[in-house]
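Notes follow the structure.
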Amino acid sequence: MSEIDEGAQRRITDFHRMRRLATGLLVAMFLLFVGTLVLPLWGPFPAWVGSTLAAVQAFAEAAMVGAIADWFAVVALFRHPFGLPIPHTAIIPRNKERIGDSLGAFICNNFLAPEIVGAKLDHMDLAGRLARWLAEPATADRIVRRASGFLPALLETLEDDGIRRLVRQMATGGLASSRAAPLVARVLTLLVARGHHQKIFDKGIALVARLLVEHEDEVRNRVVNRSWRWLPNWVDEKLADKVIVGAMETLGEMQAPDHPWRAGFQAMIERLILRLHTDPVLIDRVETLKNEFLRTPMVDHYLESLWDDIRTRLKEALPAGHEVIHQGLARALASWSLRLAEDERLRSVLNRWARRMVERTVVPYRGDIGAFISGVVARWDTATVVDKLEVQFGRDLQYIRINGTVVGGMVGLLIHGAVMLLR
């Protein structure tokens with residue numbers, strides 16, 4: 001049973017319990033009144049007993065009057081008492097259409113007004129609530145399992161050409177809207193912080209050494225061809241050997257952690273990072289290179305084929321079971337919910353987006369919403385309207401009957417006391 005059904009059932013139970021209590025109190029006052037009439041017949045009793053019985057009788061009599069009057073008032077809201085067509089009874093059934101119109105207008109003017117909706121959405125922090133909801137393990141597990149369940153069918157129904165274009169446009173748009181120089185600077189800063197730039201330096205040394213070994217003959221030929229013609233060939237050979245050996249020795253020395261060229265390489269990178277933040281000429285040049293790179297056919301083809309790679313990988317993972325996809329989606333959802341909880345700026349953007357969406361899609365049609373509510377109430381049959389409203393407000397209305405019984409009895413007792421004083 002859902003929470004809504006449980007709430008409705010609880011309201012019905014409370015209504016019937018309070019109605020029995022109010023009716024039982026009326027019956028008790030009737031029995032008390034009868035008792036004050038019958039008890040003197042058993043008697044004679046002292047004078048103070050007679051006075052007490054008279055006061056109790058006045059209390060019970062007035063309490064019955066108050067209870068019956070309030071019972072009549074409560075019943076008259078929903079139906080004709082005892083089925084008699086007494087004027088100004090069955091108020092709700094006779095005014096069902098007017099109640100629907102008033103309810104629709106009330107909701108339209110008091111709940112969907114722009115300033116009220118905007119203030120409520122600002123106070124609610126929908127993005128924060130979404131982050132907390134997604135952070136709950138049960139919620140994340142339910143979302144991921146449903147998503148991984150319909151993923152195979154979704155892959156089969158998606159139009160590949162449209163998705164390819166969408167992925168390419170999203171990737172290109174994201175790259176084009178991001179400044180390249182700060183991004184390159186952050187990447188270089190991360191490389192230096194983790195010492196990866198030294199590994200790149202070592203890779204460069206190894207690459208140059210391998211190229212020297214692989215192209216040793218070509219290096220020798222170039223040394224010989226560029227030396228003086230009057231030198232003997234054996235001198236050219238010796239000179240070429242010294243050049244190659246010297247280069248290899250230099251490359252070997254550069255592998256030492258404290259080699260000056262390593263420090264110079266790091267200083268060069270740090271200067272580049274600083275210029276990527278401060279040099280407008282270099283920043284514009286990097287941005288131009290980025291735009292030229294994005295316009296190359298190779299990049300365009302790669303971005304358009306990106307969806308094919310994603311689709312292929314997903315299809316390959318599906319036959320092996322949904323657990324891999326499930327774990328991947330769970331990690332992505334947990335990461336996104338954590339970022340949403342920690343990033344105040346992102347929550348602010350989502351809240352503004354939600355407010356604009358509601359203001360553009362709900363508020364302009366509040367008149368139609370009010371008319372819809374009015375129409376729904378108008379289409380209900382009379383018994384449905386009576387049952388719904390009686391269950392919704394009947395419990396509180398029974399308190400009116402109880403209060404009427406108690407207050408009526410107290411008023412009757414006061415009148416009896418006043419009459420006794422005047423005698």
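Just so it is clear, the model here is predicted, and its values are computed rather than measured.
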Supply the atom-to-atom distance [X] [atom1] to [Y] [atom2], rounded to the nearest 0.5 angstrom.
X: Trp71; Y: Leu397; atom1: CH2; atom2: CG; answer: 14.0 Å
X: Leu274; Y: Leu282; atom1: CG; atom2: CG; answer: 10.5 Å
X: Ile273; Y: Leu276; atom1: CD1; atom2: CG; answer: 7.5 Å
X: Leu32; Y: Glu61; atom1: CG; atom2: CD; answer: 11.5 Å
X: Asp70; Y: Tyr399; atom1: CG; atom2: OH; answer: 15.0 Å

Taking every non-hydrogen atom, the tightest pair across [X] and [Y]:
X: Val286; Y: Val184; answer: CG1-CG2, 4.5 Å
X: Arg395; Y: Phe15; answer: N-CD1, 3.7 Å
X: Ala67; Y: Leu26; answer: CB-CD1, 3.6 Å
X: Ala58; Y: His416; answer: CB-CB, 3.6 Å

Discussion item. Val56 vs Thr52, test: side-chain contact (heavy atoms from CB on, under 4.5 Å). Steps then yes/no.
Written reply: CA-CA 6 Å; Val56 172; Thr52 302; 4.3 Å; yes
Discussion item. Among Leu188, Leu183, Leu190, exactly one meets side chain to side chain contact (heavy atoms under 4.5 Å, CB included) together with Arg186. Which residue is that?
Written reply: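 Answer to the side chain to side chain contact (heavy atoms under 4.5 Å, CB included) test with Arg186 among Leu188, Leu183, Leu190: Leu183.
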Worksheet item: For the side chain to side chain contact (heavy atoms under 4.5 Å, CB included) test, which of Arg10, Arg11, His16 pairs with Asp14?
Response: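 Result for side chain to side chain contact (heavy atoms under 4.5 Å, CB included) with Asp14: Arg10.
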Practice prompt. Evaluate the side-chain proximity of Gln9 to Thr13: yes if any heavy-atom separation is below 4.5 Å, no if none is.
Written response: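 Counting from C-beta outward, Thr13 and Gln9 do come under 4.5 Å.
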Worksheet item: Tell me, do Arg285 and Val281 make a side-chain contact under 4.5 Å, heavy atoms counted?
Response: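 No, too far: nothing below the 4.5 Å cut-off.
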For a quick test of your reading: what N or O donor-acceptor pairs under 3.5 Å do the side chains of residues 404-413 make, sequence neighbours left out?
unit_1 : atom_1 : unit_2 : atom_2 : d
Thr405 : OG1    : Arg401 : O      : 2.9

Which residues pass the salt bridge (charged side-chain N to carboxylate O under 4.0 Å, His left out) test with [X], sequence neighbours left out?
X: Asp202; answer: Arg262
X: Asp279; answer: Arg275
X: Arg19; answer: none

Practice prompt. Could you pull out all residues at least two apart from Phe265 that satisfy ring pair (Phe, Tyr, Trp, His ring centres under 6.0 Å)?
Written response: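 Phe201.
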Item to complete: Mind checking ring pair (Phe, Tyr, Trp, His ring centres under 6.0 Å) for His277 and listing every partner two or more places apart, or none if nothing turns up?
Response: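 Once residues adjacent in sequence are excluded, His277 has no partner under the ring pair (Phe, Tyr, Trp, His ring centres under 6.0 Å) criterion.
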Practice prompt. May I have the step-by-step check of side-chain contact (heavy atoms from CB on, under 4.5 Å) for Ile205 and Trp261, ending in yes or no?
Written response: CA-CA 11 Å; Ile205 294 174; Trp261 287 16; over 6 Å; no
